[in-house]
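To start, the structure under review is shown below, and the notes come after it.
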Amino acid sequence: MFAVADGVSGARRPEFGAIEACRTSVERMLHLLSAGDGPLDFRDVLLRAAERLRQLAQWWQGGREPEPGEVAGMLATTLVAGVVRPDPAGPVAELCRVGDSGAWVLDRAAGRYQALFGAKTGSGSPVVSNVVTPLPHVPDPLERTVVRLEAPLTLLVGTDGFGDPLGDGDGQVGALFARQLATPVSPPWFAHLLDFSRETFDDDRTLLAVWPHPGAPAT
């Protein structure tokens, strides 16, 4: 189970929005998983996270009910949340997102990346859009996806501080991570890899990686 968030820089307290969105979504996913084995109700998860942001904004305003724009202006954040569950044919990842954080499947054998959500650039466009529609907005329809993590695939979930320099994965950043993440690495080395330097790309970076374990039981 995981949640990755990136507070929107234009908000006044985005770090608190990111923390509470992650905390609330993980708590809600735990509750939903304990209630059954069916597909996760991600709308419920995101609505709970958005409600938590509203409550926090209300508390900071001394109990006054905030307008949606006030909540966003104070606590706006992106969010990618999901779970990886065992399956006899291979682990299955279910994910949803709000905003421009991303998720990818890395084929470690081929060194190729598959974006699980839409890219910032349009087809053939060199222009990157920085327009973000984050929590507390909950889109309709939701952006959600399901992917099976068969070997040699690795699931990557990260903020645009990683996704923007990664691009389509054909450059130096893509080559670096495809080579270094061929097998699980230690947390210090993982942090070292993420602290790369590339001109014009200096946004905050968060990255999570999930490697299927070849010796893990199927259920």
> Is a side-chain N or O of Arg205 found less than 3.5 angstrom from the main chain of Asp160, in a donor-acceptor match?
Replying inline: no
> In this structure, are over 12 heavy atoms from other groups packed under 6.0 Å from Gln172 atom CD?
Replying inline: no
> Which heavy atom in Ala11 sits nearest to a heavy atom in Met74, and how many Å separate them?
Replying inline: CB-O, 3.7 Å
>> Clusters formed by hydrophobic residues whose side-chain heavy atoms approach within less than 4.5 Å: which one holds Leu156, and what are its other members?
In response: Trp104, Leu106, Tyr113, Phe162, Leu166, Val173, Leu176, Phe177, Leu181, Val185, Trp189, Phe190, Leu193, Leu194, Phe196, Leu207, Trp211
> Side chain of Arg108, backbone of Leu153: donor and acceptor closer than 3.5 Å?
Replying inline: yes
> Which atom pair, heavy atoms only, marks the closest approach of Leu53 to Pro136?
Replying inline: CD1-N, 4.2 Å
>> With rounding to the nearest 0.5 angstrom, report the CZ to CD distance, Arg12 to Glu70.
In response: 8.0 Å
> Do you know which two heavy atoms are closest between Leu135 and Ala50, and how far apart they sit?
Replying inline: CD2-CB, 4.2 Å
> Rounded to the nearest 0.5 Å, how far does OG of Ser186 lie from NE2 of His192?
Replying inline: 10.5 Å
> Between Leu33 and Arg85, does a side chain to side chain contact (heavy atoms under 4.5 Å, CB included) hold up when you go through it step by step?
Replying inline: CA-CA 10 Å; Leu33 286 174; Arg85 293 195 261 193; 3.4 Å; yes
> Do the side chains of Trp60 and Val8 join up, straight or via other hydrophobic residues, at under 4.5 Å, putting them in one cluster?
Replying inline: no
> Looking at side-chain heavy atoms only, is the closest gap between Leu75 and Glu20 below 4.5 Å?
Replying inline: no
> Between Arg48 and Thr24, do the side chains contain an N or O donor and an N or O acceptor separated by less than 3.5 Å?
Replying inline: no
> Hey, mind stepping through Thr159 and Thr78 against side chain to side chain contact (heavy atoms under 4.5 Å, CB included) and telling me if it holds?
Replying inline: CA-CA 8 Å; Thr159 64; Thr78 72; 5.5 Å; no
>> I'd like to know whether CZ of Arg144 has more than 12 heavy-atom contacts from other residues, nucleotides or ligands below 6.0 angstrom.
In response: yes
>> Looking at every non-hydrogen atom in both residues, tell me the closest pair between Met29 and Ala81 and how far apart they are.
In response: CE-CB, 4.0 Å
> Side chains of Leu79 and Ser25: closer than 4.5 Å at any heavy-atom pair?
Replying inline: yes
>> Give me the atom names and distance for the closest heavy-atom approach of Gly7 to Ala18.
In response: N-CB, 3.9 Å
> Is Leu149 reachable from Leu208 through a run of hydrophobic residues whose side-chain heavy atoms are each under 4.5 Å from the next?
Replying inline: yes
> Shortest non-hydrogen contact from Val80 to Ser101?
Replying inline: CG2-CB, 3.7 Å
>> My understanding is that a hydrophobic cluster links ILVMFWY residues whose side chain heavy atoms are under 4.5 Å apart, including indirect links. Using that, what else belongs to the cluster containing Ile19?
In response: none
>> Just so I know, are the side chains of Cys96 and Val45 near enough to count as touching, which here means a heavy-atom distance under 4.5 Å?
In response: no
> So how far is it from Asp204 CG to Glu15 CD, rounded to the nearest 0.5 Å?
Replying inline: 10.5 Å
> With the threshold set at 4.0 Å, does a side-chain nitrogen-carboxylate oxygen contact exist between Glu51 and Arg28?
Replying inline: no
>> If you define the side chain from C-beta out and look only at heavy atoms, does anything of Pro212 sit under 4.5 Å from Glu150?
In response: no
>> Is there a path of hydrophobic side-chain contacts, each under 4.5 Å between heavy atoms of I/L/V/M/F/W/Y residues, joining Leu155 to Phe117?
In response: yes
> Where do Phe2 and Leu95 land on the side chain to side chain contact (heavy atoms under 4.5 Å, CB included) test, with the steps shown first?
Replying inline: CA-CA 9 Å; Phe2 55 85; Leu95 308 88; 3.8 Å; yes
>> Pair Val157, Leu116 - check side chain to side chain contact (heavy atoms under 4.5 Å, CB included), show working.
In response: CA-CA 10 Å; Val157 181; Leu116 298 181; over 6 Å; no
> Is there a chain of hydrophobic side chains (I, L, V, M, F, W, Y, each step under 4.5 Å between heavy atoms) that links Met1 to Leu142?
Replying inline: yes
